[in-house]
Amino acid sequence: MDTEQNRCALSKDKLMLFFPKEPDQQWINKIVKKHPGLQVDWVTSVKSDGQPVNEKDLSAECWKDTTLLFADFIPPPAELLSKVRFVQLASAGADIWYDHPVYLRKETVFSNASGVYSPQIAEWVIGTWIMNQRQLVRNQARPVEDPGQYTLCSSGESSGRLRMGVLGYGSIGRQCARIADALGMEVYAYTRSERKTSESRKDDTYRQYCVPNRGDPEGKIPSKWFYGTSQEKVDAFLAQDLDILVISLPLTKDTEKLISYKQFEIMCKKRTFVSNVARGKHIDTEALVAALEKGQIRGAALDVTDPESLPKEHPLWNAPNVYITPHISWMTSDVWGGSIRLLEANLERLNNNEPCINHLVK
């Protein structure tokens with residue numbers, strides 16, 4: 001008999017959500033109804049005291065027969081995931097998985113969360129940029145005895161006609177570019193591979209499928225495109241009189257300490273503002289501290305650091321014109337809704353034997 005359950009390609013799968021929210025039974029019921037036979041387990045990844053749950057807190061039975069995984073945690077031992085065929089990452093970066101046996105299995109499909117957090121992170125990038133440009137924090141702290149003599153942000157500078165360089169023109173970089181364009185800024189984009197044609201410049205991430213009116217879906221905002229994998233190509237990009245450099249590229253062995261002493265010297269001409277929302281290891285921290293102290297750059301906004309978390313006694317805390325947050329630029333009250341919608345979309349694609357959104361090419 002050809003029942004609906006028999007026609008469901010996910011009928012023999014078990015989906016495990018390891019998620020920093022309490023289980024949403026209404027959502028679980030909806031997914032099970034849509035995919036008859038699919039088993040759904042939801043485990044909250046944060047304890048009542050705010051500390052993260054790790055694999056040692058969960059029994060092996062919890063992972064048993066899991067074939068589909070939503071992952072918001074450091075990867076557990078490979079033997080617990082022996083049957084997993086699909087992993088939906090809750091992060092845009094996949095670097096903590098690169099050496100994991102499950103990631104190295106060719107048959108296991110991995111998709112990241114590229115595009116889910118781009119609106120929030122772009123707001124953080126532009127917000128910290130404007131705070132520095134308009135000196136909002138310093139002026140807020142100044143006493144105002146005579147308003148007639150008070151010149152708000154007298155040495156500040158508006159963003160119009162300034163230039164943003166985006167190192168890594170993915171979903172986050174494209175949303176930064178969209179806001180910068182609205183401010184009247186010129187945008188230069190840097191990608192690993194050449195984007196010579198209009199087709200190659202299009203966005204094929206989650207944003208394209210699930211989020212309207214965001215980013216740069218056609219790749220039309222940048223006035224210039226740069227590309228390459230060598231340090232020389234990156235240095236040539238940094239020499240383009242950038243007023244702000246947004247670092248939003250994946251961390252690989254090739255991109256560790258991509259920005260160091262020489263690169264800060266290159267940016268010294270324009271005193272580029274450096275905004276890092278990717279990974280702390282992209283920047284040589286000692287070189288960054290020196291650049292800030294010497295005034296080679298006008299400032300830096302860091303949502304990521306190396307090391308992370310940054311020790312209390314670290315000299316970066318006392319460097320001038322630096323904004324530091326503990327890897328939370330993505331956090332807003334509504335952020336997890338995007339993750340759930342992406343997971344839903346990929347479950348539908350798995351059921352239809354279609355390529356998953358944000359499928360990672362290993």
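Since the structure is predicted, the reported quantities are computational estimates derived from the model, not experimental observations.
By the 4.5 Å heavy-atom criterion applied to side chains, Ile244 and Gln133 are not counted as neighbours. No side-chain heavy atom of Pro75 sits under 4.5 Å from any side-chain heavy atom of Val102. Looking only at side-chain heavy atoms (C-beta outward), Phe19 and Asp24 stay at 4.5 Å or farther from each other. A 4.5 Å side-chain heavy-atom check between Leu350 and Cys356 finds at least one atom pair inside the cut-off. Here the side chains of Leu343 and Leu17 are in contact, with some heavy-atom distance below 4.5 Å. When side chains are defined from C-beta on, Trp225 does not count as touching Glu194, because their heavy atoms never get closer than 4.5 Å. Put simply, the side chain of Val335 does not reach to within 4.5 Å of the side chain of Met331, judged on heavy atoms. Residues Arg271 and Ile297 are not in side-chain contact: their nearest non-hydrogen atoms beyond the backbone lie 4.5 Å or more apart.
Rounded to the nearest 0.5 angstrom, Thr128 OG1 and Phe273 CZ are separated by 5.0 Å. Note: Leu316 CG to Glu293 CD = 9.5 Å, rounded to the nearest 0.5 Å. Glu265 CD to Cys268 SG: the interatomic distance, rounded to the nearest 0.5 Å, is 8.0 Å. The distance from atom NZ of Lys83 to atom OG1 of Thr67, rounded to the nearest 0.5 Å, is 9.0 Å. Between the CG atom in Asn276 and the CD1 atom in Ile247 there is a gap of 4.5 Å [rounded to 0.5 Å]. Remark: Glu348 CD to Glu354 CD distance equals 7.5 Å, nearest 0.5 Å.
Transitive grouping of hydrophobic side chains (ILVMFWY, heavy atoms separated by less than 4.5 Å) keeps Tyr323 and Leu292 in distinct clusters. Hydrophobic cluster membership is shared by Leu15 and Ile357, with clusters built from Ile, Leu, Val, Met, Phe, Trp and Tyr side chains linked at under 4.5 angstrom. Trp124 is not connected to Leu310 by any chain of hydrophobic side-chain contacts under 4.5 Å among Ile, Leu, Val, Met, Phe, Trp and Tyr, and they are in different clusters. A continuous path of ILVMFWY side-chain contacts below 4.5 Å connects Val125 to Leu162, so both sit in one hydrophobic cluster. Under a hydrophobic-cluster definition in which Ile, Leu, Val, Met, Phe, Trp and Tyr are linked whenever side-chain heavy atoms come within less than 4.5 Å, directly or via other members, Val277 and Ile328 are assigned to the same cluster.
Residue Asn358 is tested with Asn346, Leu342, Val116 for a side-chain contact (heavy atoms from CB on, under 4.5 Å); the sole match is Leu342.
The two residues Ser111 and Phe86 have their closest heavy-atom pair at OG-CE1, 3.8 Å. Listed here is the closest heavy atom pair of Ala300 and Leu288: CB-CD1, 4.2 Å. Between Ala290 and Tyr261 the shortest heavy-atom distance is CB-CE2, 4.2 Å. Taking every heavy atom of both residues into account, Arg105 and Val84 meet most closely at NH2-O, 2.8 Å. Of all heavy-atom pairs between His327 and Trp330, the closest is O-NE1, 2.9 Å. Of all heavy-atom pairs between Phe237 and Leu242, the closest is O-CD1, 3.8 Å.
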Criterion side-chain contact (heavy atoms from CB on, under 4.5 Å) on His359 and Arg349, from CA distance to verdict:
CA-CA 11 Å; His359 177 203; Arg349 285 170 171 263; over 6 Å; no

Run the side-chain contact (heavy atoms from CB on, under 4.5 Å) test on Val322 and Leu302 for me, step by step, so that the C-alpha distance in whole Å, both residues' side-chain angles and the decisive distance to 0.1 Å come before the verdict.
CA-CA 8 Å; Val322 62; Leu302 311 171; 3.9 Å; yes

For Thr272 and Ile266, run side-chain contact (heavy atoms from CB on, under 4.5 Å): C-alpha distance rounded to whole Å, both residues' side-chain angles, the deciding distance at 0.1 Å, then the answer.
CA-CA 9 Å; Thr272 305; Ile266 293 172; over 6 Å; no

In sequence, state the C-alpha distance, the side-chain angles, and the governing distance for Trp97 and His100, and then conclude on ring-ring contact (aromatic ring centres under 6.0 Å, His included).
CA-CA 5 Å; Trp97 283 85; His100 196 277; 5.1 Å; yes

Working for side-chain contact (heavy atoms from CB on, under 4.5 Å), residues Ile221 and Tyr169
CA-CA 11 Å; Ile221 291 177; Tyr169 202 63; 4.0 Å; yes

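The backbone N or O of Gly93 sits nowhere less than 3.5 Å from a side-chain atom of Asn112 that would complete a donor-acceptor pair. No side-chain donor-acceptor contact under 3.5 Å links Thr44 to the backbone of Val46. A donor-acceptor contact shorter than 3.5 Å is absent between the side chain of Arg163 and the backbone of Asp243. Formation of a donor-acceptor pair under 3.5 Å by the Asp216 side chain with backbone atoms of Arg178 is not found in this model. Checking side-chain atoms of Trp317 against main-chain N and O of Pro311 turns up a donor-acceptor pair under 3.5 Å. A donor-acceptor pair is defined here as one N or O able to donate and one able to accept, closer than 3.5 Å; no such pair exists between the side chain of Ser223 and the backbone of Glu186. No side-chain donor-acceptor contact under 3.5 Å links His314 to the backbone of Pro307. Looking only at distances, a side-chain donor or acceptor of His282 sits under 3.5 Å from a matching main-chain atom of Thr255. Distance alone, capped at 3.5 Å, is enough to place a donor-acceptor pair between the Ser171 side chain and the Gly115 backbone. Between the side chain of Gln175 and the backbone N or O of Ile172 there is no donor-acceptor pair closer than 3.5 Å.
Defined by atom type and a distance below 3.5 Å, a donor-acceptor pair is missing between the side-chain atoms of Thr252 and Asp254. Between the side chains of Trp129 and Ser159, at least one donor N or O sits under 3.5 Å from an acceptor N or O.
In this structure, Lys362 fails the cation-pi test against Phe110, since its NZ or CZ atom is not both closer than 6.0 Å to the six-membered ring centre and inside 45 degrees of the ring normal.
Taking a 6.0 Å sphere around NZ of Lys270, one finds it holds more than 12 heavy atoms contributed by other residues, nucleotides or ligands. More than 12 non-hydrogen atoms from other residues, nucleotides or ligands lie less than 6.0 angstrom from CG of Asp334. Other residues, nucleotides and ligands contribute only 12 or fewer heavy atoms inside 6.0 Å of the CG atom of Asp99. Enclosure of atom CD in Gln26 is not indicated, since only 12 or fewer non-hydrogen atoms of other residues, nucleotides or ligands lie within 6.0 angstrom. Atom NZ of Lys64 has 12 or fewer neighbouring heavy atoms from other residues, nucleotides or ligands inside a 6.0 Å radius.
We find that Asp306 and Arg279 are not joined by a salt bridge, their nearest charged nitrogen and carboxylate oxygen being 4.0 Å or further apart. We find that Lys253 and Glu256 are not joined by a salt bridge, their nearest charged nitrogen and carboxylate oxygen being 4.0 Å or further apart. Here Lys30 pairs with Glu344 in a salt bridge; the nearest charged N to carboxylate O distance falls below 4.0 Å. With respect to the salt-bridge test (charged N to carboxylate O, under 4.0 angstrom), the residues Asp13 and Arg85 qualify.
Relative orientation of the Trp336 and Tyr117 rings is perpendicular, given thresholds of 30° and 60° on the angle between their planes. Between Tyr188 and Phe226, the two ring planes are tilted [angle within 30° to 60°].
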